[in-house]
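Before any comments, here is the structure.
Numbers for residues simply follow the sequence, beginning at 1.
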Amino acid sequence: MVIKAMKLQSQNYIYSVFFLASLLLLADVSLFDTVKILIVCLIQIYAGAELLEKFFYRRSISIFEKFGIGLPLGVAISIAFDLIFVRSSITQVAWLIPLVVIVLICKFTESASLQKSENSRYQELESLKWIGISVFALLGQEWFWPMPVAVFFATALWLNTSKASSSVKLDVRKTISYILYALGTLVLTIGILIRPNSWWIEDSDFGFYEAFTVSLTKWGTSENLLATGTGLKYHWFVYEWSGLVSKVADLSSWVMLSRGVIIIGCFSIVCSIWLVLERVVRSKKHMVASLLIICFFDSVTSWGSGFRIGFIVSPSQLVGFVWLFAIFAVVLEQERQRIKFSSLLYLVLFSGAMLSKISHGVVALGGLLLLSLVEMIRERKLFVLRTSDAVVAILTTLFWFFITYSGAENARIKFLKFPEEILGTLKLWSGKPLWLAALILILGLIGYQSFGLFVGFCQRETRKSTAFIFSAGVAMTGLIITLSIESLFGSQ
């Protein structure tokens, strides 16, 4: 039974890799480049997953934990070594050194628990179908051509699995689902054939991002291709990952930045979201519905691109969610078990979040601090482990803020400035319209999320949960930042 479960786990891993390869090929990445990208990234994921399983969790981990938390761990460690030796003769292989060491050490370390059951592996496979559809939904909001697949395939899969459709005869449901699968494939094919050659250029800023990628691969953060003689004071982590893979795999310009990190990052994000939903949602039906709502969701598209998870126009904004959701998943895992060396895990994840997008790290810190405070007040005692985690998170956030962002002057303190940043100057409408515009825009940004928090607050069991307290801390921190700083994207 254990051997068969392990075989199913390997199959699920292969299915995940095949899905990523298929998406890369559909995104106009050549077969040779696809193979090279996956080799590098899978080494990072495998090493991160081994570290998570053998060193931190000390149990068998799911496929979602491998990609959702293993990826940000492996990527962060490899980036650190790449930057240390970026100007040395071993720059091509420096990223690999810590990953090989991790894998070798972990091979001599046994997990504390047995492998998961065969049934749980089958459930993983079923969940992977919904995760694949959700990735198409995330990508489809800006790339457009994946969206029909998400819509048609989600409907078809729901017809085949939902008990709500049990009143319809099985053969009728199967026929309808086959038609929907065919329609999704047909529209996808048409979309790929008619899209322009440069469909993946989302914004003129992509040239700006590519310059960062090249700069980081050559000089690290000490130099800046766009401003000679100055260091890089920017959220550079995602661009360094893109540059690292491009350098090691000898990729053409633009390939990894415009498609590789986007596709692999989206898959990791959706896996992390699924991990969170597994902890907070009781039924599989509601988990699937929640996942689809999150991935199809957008806020105010009249602003241009809107504000959502699938914000492809900004790779740092999008892929930075990999580290933010990984932090959330780890926080929820601590309800189930005492994670050994959890402070070290938070050190790595908060570093990735802060350096990917400063707002991700700050709101995650707000969530963790509120959770620590509530637990301390509720239990009337100081939890050493939680306090240690919080202190490490605070020090990590402050360290990277002052090292990387201090002096950049891109987030000055100015109350209620963001409406002008979004809509243009409001000098002709001074006074009440300013706070009225702020209120309307805030509702556009977080109205949907605020409704969920309000409903949760009204339910005693929910408002006592770790997930709710952490989410409330994230929301309050994000709201305070949005109202208090001048930067347009402080609200992100």
Side-chain angles (χ1 to χ4, degrees), residues 27-29 33 37 75 79 82-83 86 138-139 141-143 196-247 249 251-266 303-324 352-361 400-401 403-412 418 421-422 424 485-492:
D28 277 345
V29 179
D33 281 347
I37 289 171
V75 167
I79 283 176
D82 181 62
L83 288 177
V86 68
L138 272 184
L139 296 173
Q141 294 187 45
E142 289 191 20
W143 281 358
N197 291 331
S198 58
W199 60 267
W200 41 267
I201 300 179
E202 282 291 321
D203 192 273
S204 58
D205 281 353
F206 261 80
F208 176 70
Y209 303 145
E210 182 68 16
F212 277 156
T213 297
V214 174
S215 180
L216 286 161
T217 59
K218 292 181 179 295
W219 307 295
T221 60
S222 61
E223 294 286 345
N224 185 350
L225 188 64
L226 299 176
T228 305
T230 63
L232 189 59
K233 288 187 174 293
Y234 198 72
H235 37 262
W236 48 264
F237 211 64
V238 174
Y239 306 114
E240 161 61 17
W241 180 28
S242 171
L244 187 159
V245 178
S246 299
K247 175 177 65 177
L251 301 175
S252 304
S253 299
W254 307 95
V255 172
M256 188 61 187
L257 175 65
S258 63
R259 284 152 288 175
V261 296
I262 301 297
I263 289 170
I264 297 172
C266 276
W303 295 353
S305 296
F307 288 88
R308 55 179 172 270
I309 293 175
F311 198 58
I312 296 175
V313 71
S314 174
S316 58
Q317 167 74 3
L318 167 61
V319 184
F321 277 111
V322 168
W323 284 271
L324 176 56
M354 279 294 293
L355 294 172
S356 297
K357 199 75 169 182
I358 184 172
S359 51
H360 292 336
W400 288 121
F401 177 81
I403 292 295
T404 306
Y405 301 107
S406 180
E409 296 186 359
N410 58 353
R412 291 178 290 271
F418 80 97
E421 296 290 332
I422 293 173
I485 67 173
E486 186 175 354
S487 174
L488 162 60
F489 294 112
S491 54
Q492 293 178 353

Inset, instruction - Determine the minimum heavy-atom distance between Ala27 and Trp143, stating which atoms define it. - result: CB-CZ3, 4.5 Å
Legend entry - Contact summary for Lys357 and Ser316, nearest pair of heavy atoms: NZ-OG, 3.7 Å
Inset, instruction - Before giving the answer on ring pair (Phe, Tyr, Trp, His ring centres under 6.0 Å), spell out for Phe206 and Tyr209 the whole-Å C-alpha distance, their side-chain angles and the decisive distance to 0.1 Å. - result: CA-CA 5 Å; Phe206 261 80; Tyr209 303 145; 5.8 Å; yes
Legend entry - Phe237 and its ring pair (Phe, Tyr, Trp, His ring centres under 6.0 Å) partner, picked from Phe212, Trp323, Trp400: Trp323
Inset, instruction - Could you tell me which residues satisfy side-chain contact (heavy atoms from CB on, under 4.5 Å) with Leu83, sequence neighbours excluded, listed by chain and number? - result: Ile79, Trp236, Glu240
Inset, instruction - Let me see the working for Thr213 and Met256 under side-chain contact (heavy atoms from CB on, under 4.5 Å), right down to the final yes or no. - result: CA-CA 10 Å; Thr213 297; Met256 188 61 187; over 6 Å; no
Inset, instruction - Check the pair Ser258, Ile201 against side-chain contact (heavy atoms from CB on, under 4.5 Å), reporting the backbone distance first and the verdict last. - result: CA-CA 7 Å; Ser258 63; Ile201 300 179; over 6 Å; no
Legend entry - Nearest atoms (heavy-atom pairs only) where Gln317 meets His360: O-NE2, 3.0 Å
Legend entry - Any donor-acceptor N/O pair, Ser246 side chain to Ser242 backbone, under 3.5 Å: yes
Legend entry - Spatial distance of atom CG (Asp28) from atom CG (Asp33) [nearest 0.5 Å]: 11.5 Å
Inset, instruction - Would you sort out whether Val86 and Thr217 count as a side-chain contact (heavy atoms from CB on, under 4.5 Å), showing the intermediate values? - result: CA-CA 7 Å; Val86 68; Thr217 59; 5.9 Å; no
Legend entry - side-chain contact (heavy atoms from CB on, under 4.5 Å) between Ile264 and Ile37, intermediate numbers included: CA-CA 10 Å; Ile264 297 172; Ile37 289 171; 3.8 Å; yes
Legend entry - Side-chain donor or acceptor of Glu210 paired with backbone N/O of Leu257 under 3.5 Å: no
Legend entry - Considering all heavy atoms, the nearest Val322-Gly265 contact: CG2-O, 3.6 Å
Legend entry - Least distance between heavy atoms, Gly320 atom then Ser356 atom: CA-CB, 3.6 Å
Legend entry - Separation of Leu138 CG from Ile263 CD1 (nearest 0.5 Å): 12.0 Å
